[in-house]
Visitor: 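Mind having a look at this structure? Questions to follow.
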Amino acid sequence: MVKISDWIPRDGDAIFTKEGFIFYTIGYVHPADRVIAFIKYIPKDLQDRFEVPWLPFEWKLEGIPLVRPEKLYSPKIYNSFITSLRKVIPDAIYFNPYVGKELVTVPKNHIKTVYVPKERLQFLLGKKDYDELEKKAIELVKILSEESGVSIEDFGIHGSISLQMHNYQSDIDIAVYGSENFRRVKKAFHSLASEGEVSILEVDRFDPIRRNRGLYHNIRFVINATRKIEEITERFGQYKYEAIKPVEAICRVVNENESMFRPSIYQVDKCESKQLEKEEMPRRVVSMIGQFRDFANVGEKIKVTGMLEKVEDLASRKTEYRIVVGSGKGEEYLWPLNKLPQ
């Protein structure tokens, strides 16, 4: 297992707390003493403290029975959940002065174990005995590695397989470290699909655009990108973010090199909106919502609804603007203009 003192939190790392909660890291910018995260599983013996709907299943990690909320992120349910979490782990709710709002975090002194996808794949490869799902996961990663030329060291396993909580209905959730590696693996996936080795899965309205989900021997899998350590360029407290107003705009994408990560970042220009003043023209569209990763290409125009934010570099005092999709202020999205859902 990864030592907490050596751990650099990255999006999608799983955190098991001393209280028995499982959180997942959000993004790459975190205070020194805590990790910004969202909750996924709750100890069964604390279930009655949270007034949320529950999935009708149980899981177990490190001997702790767990349950999972069915729905957590509607405003009413989320506010109720925060009130309850504050009573169980008071210092989990953290006021971030650089964004001006409270966030769910995991204080590092509450962490028991960290499950990093890259390390969990190596654990899986080192096992002597596999079940059928683990066997297929290893086969698939090896096929993608060989076809893409990306080292298996740059792959990871997320989700229930990573935590050894999977069952026969579980998916294979693959992480690829590095933007260029992700592009190569995704291209290899599509090449394998054309040869009939795998198939591309299209279930929801996002799939025909993202094309990162598939079937391997009738088992669902998904491929997502994680930043390499050297691709983490922002440090906590480097910028201050101020919410200005909700906006709707049409912008042209001029750079997509960071669009596959979460949060996904699109550099844009030529934004058109009746709600934007000339000095408020955004240079970036940033999505906190995972479905909009790797969702638009250079040269495409995107329709965006989100929160206009002023971004101040605290060292240089320079400012610019961005539109954030997933600010929590209603339904927000970005969509390629030529692919808008009907």
Side-chain angles (χ1 to χ4, degrees), residues 1-27 30 33-50 52-70 72 81-82 84-94 104-138 141 155-175 177 222 224 226:
M1 289 293 179
V2 177
K3 287 185 178 181
I4 297 170
S5 58
D6 297 333
W7 174 51
I8 299 175
R10 286 184 277 183
D11 188 66
D13 290 349
I15 304 166
F16 189 53
T17 74
K18 295 173 183 177
E19 296 83 7
F21 292 84
I22 297 178
F23 291 80
Y24 277 83
T25 303
I26 298 176
H30 307 275
D33 65 339
R34 63 187 60 241
V35 180
I36 299 166
F38 69 90
I39 202 159
K40 193 74 174 280
Y41 299 92
I42 291 170
K44 183 175 175 59
D45 63 1
L46 294 176
Q47 180 178 2
D48 292 343
R49 299 199 188 186
F50 295 87
V52 299
W54 303 96
L55 292 173
F57 309 105
E58 283 189 25
W59 292 263
K60 185 174 285 189
L61 181 63
E62 299 186 22
I64 305 295
L66 302 166
V67 291
R68 181 175 166 182
E70 179 182 5
L72 192 57
F81 171 80
I82 291 296
S84 299
L85 181 61
R86 199 188 299 271
K87 294 175 182 176
V88 179
I89 312 178
D91 51 348
I93 310 304
Y94 168 74
V104 174
T105 67
V106 183
K108 288 186 177 178
N109 60 0
H110 286 260
I111 297 175
K112 181 179 180 184
T113 314
V114 175
Y115 293 84
V116 176
K118 187 173 184 176
E119 306 298 333
R120 298 309 290 168
L121 175 58
Q122 295 305 311
F123 163 80
L124 208 60
L125 291 167
K127 287 185 70 174
K128 294 181 179 179
D129 297 310
Y130 309 108
D131 60 36
E132 192 60 26
L133 185 63
E134 292 172 329
K135 180 182 176 183
K136 290 293 185 288
I138 291 170
V141 169
F155 285 82
I157 289 289
H158 280 290
S160 59
I161 300 178
S162 168
L163 300 173
Q164 295 288 279
M165 289 166 41
H166 57 282
N167 57 43
Y168 71 96
Q169 294 179 314
S170 298
D171 297 344
I172 299 170
D173 194 340
I174 297 172
Y177 290 84
V222 64
N224 282 310
T226 303

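Keep in mind that this is a model prediction, so the values were computed, not measured. Positions are given from 1, in the same order as the sequence printed here.
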Visitor: Please report the closest heavy-atom contact between P117 and Y177, naming both atoms and the distance.
Guide: CB-OH, 3.5 Å

Visitor: Considering only heavy atoms from C-beta outward, does the side chain of H166 approach that of D131 to under 4.5 Å?
Guide: yes

Visitor: Less than 4.5 Å apart, any side-chain heavy atom of H110 and any of D91?
Guide: yes

Visitor: What I'd like to find out is whether the side chain of R49 reaches to under 4.5 Å of the side chain of K87, using heavy atoms alone.
Guide: no

Visitor: Please report the interatomic distance CD(E62) to CD1(I22), rounded to the nearest 0.5 Å.
Guide: 8.5 Å

Visitor: Give, for atom NE2 of H30 and atom OH of Y94, the distance between the pair rounded to the nearest 0.5 Å.
Guide: 12.0 Å

Visitor: Taking the side chain as C-beta and beyond, is there a heavy-atom pair between W59 and L163 under 4.5 Å?
Guide: no

Visitor: Of all heavy-atom pairs between V106 and T17, which one has the smallest distance, and what is that distance?
Guide: CG1-CG2, 4.0 Å

Visitor: Got a sec: does the NZ of K60 have more than 12 other heavy atoms crowding it under 6.0 Å?
Guide: no

Visitor: Any chance CD1 of I8 has more than 12 other-residue heavy atoms, nucleotides or ligands included, within less than 6.0 Å?
Guide: no

Visitor: Using side chain to side chain contact (heavy atoms under 4.5 Å, CB included), reason through V35 and K108 one step at a time and then give a plain yes or no.
Guide: CA-CA 7 Å; V35 180; K108 288 186 177 178; 4.2 Å; yes

Visitor: Do H158 and N224 have side-chain N/O donor and acceptor atoms under 3.5 Å apart?
Guide: no

Visitor: Can you check whether D173's main-chain N or O pairs, donor with acceptor, with D171's side chain at less than 3.5 Å?
Guide: no

Visitor: If you count heavy atoms of other groups shown closer than 6.0 angstrom to NZ of K118, is the number above 12?
Guide: yes

Visitor: Is the cationic atom of K135 (NZ for Lys, CZ for Arg) positioned less than 6.0 Å from the six-membered ring centroid of Y130 and within 45 degrees of its normal?
Guide: no

Visitor: Report the distance from atom CD1 of I64 to atom NZ of K112, rounding to the nearest 0.5 Å.
Guide: 6.0 Å

Visitor: For the CG atom of L85 and the CD1 atom of I93, what is their distance to the nearest 0.5 Å?
Guide: 4.5 Å

Visitor: Would you check if Y41 and L61 make a side-chain contact, meaning some heavy-atom pair closer than 4.5 Å?
Guide: no

Visitor: Find the distance between CG (D13) and CD (E119) and round it off to the nearest 0.5 Å.
Guide: 9.5 Å

Visitor: For residues Q164 and E134, determine if any side-chain heavy atom of one lies less than 4.5 Å from a side-chain heavy atom of the other.
Guide: yes

Visitor: Rounded to the nearest 0.5 Å, what separates atom CD1 in I89 from atom NZ in K18?
Guide: 11.0 Å

Visitor: Before giving the answer on side chain to side chain contact (heavy atoms under 4.5 Å, CB included), spell out for F57 and N167 the whole-Å C-alpha distance, their side-chain angles and the decisive distance to 0.1 Å.
Guide: CA-CA 11 Å; F57 309 105; N167 57 43; over 6 Å; no

Visitor: Looking only at non-hydrogen atoms, find the nearest pair between T226 and A175 and report the distance.
Guide: OG1-CB, 3.9 Å

Visitor: Fit a plane to each ring of F21 and F50, take the angle between them on a 0 to 90° scale, and name the class: parallel (under 30°), tilted (30 to 60°) or perpendicular (over 60°).
Guide: perpendicular

Visitor: Going by heavy atoms in the side chains, are V104 and F38 under 4.5 Å from each other?
Guide: no

Visitor: Do the side chain of R10 and the main chain of V116 share a donor and acceptor less than 3.5 angstrom apart?
Guide: no

Visitor: Would I157 and V141 count as a side chain to side chain contact (heavy atoms under 4.5 Å, CB included) if you check the C-alpha gap in whole Å, the side-chain angles of each, and the deciding distance to 0.1 Å?
Guide: CA-CA 9 Å; I157 289 289; V141 169; 4.2 Å; yes

Visitor: Closest approach of A137 and I161, non-hydrogen atoms and distance?
Guide: CB-CD1, 4.2 Å

Visitor: For residues Y24 and G12, report the shortest heavy-atom separation together with the two atoms involved.
Guide: CD2-O, 3.4 Å

Visitor: Considering all heavy atoms of both residues, which atom of S170 and which atom of L133 are nearest to each other, and what is their separation?
Guide: CB-CD2, 3.6 Å

Visitor: Are I36 and T105 close enough, and set up right, to give a side chain to side chain contact (heavy atoms under 4.5 Å, CB included), and what steps lead you there?
Guide: CA-CA 4 Å; I36 299 166; T105 67; 4.1 Å; yes

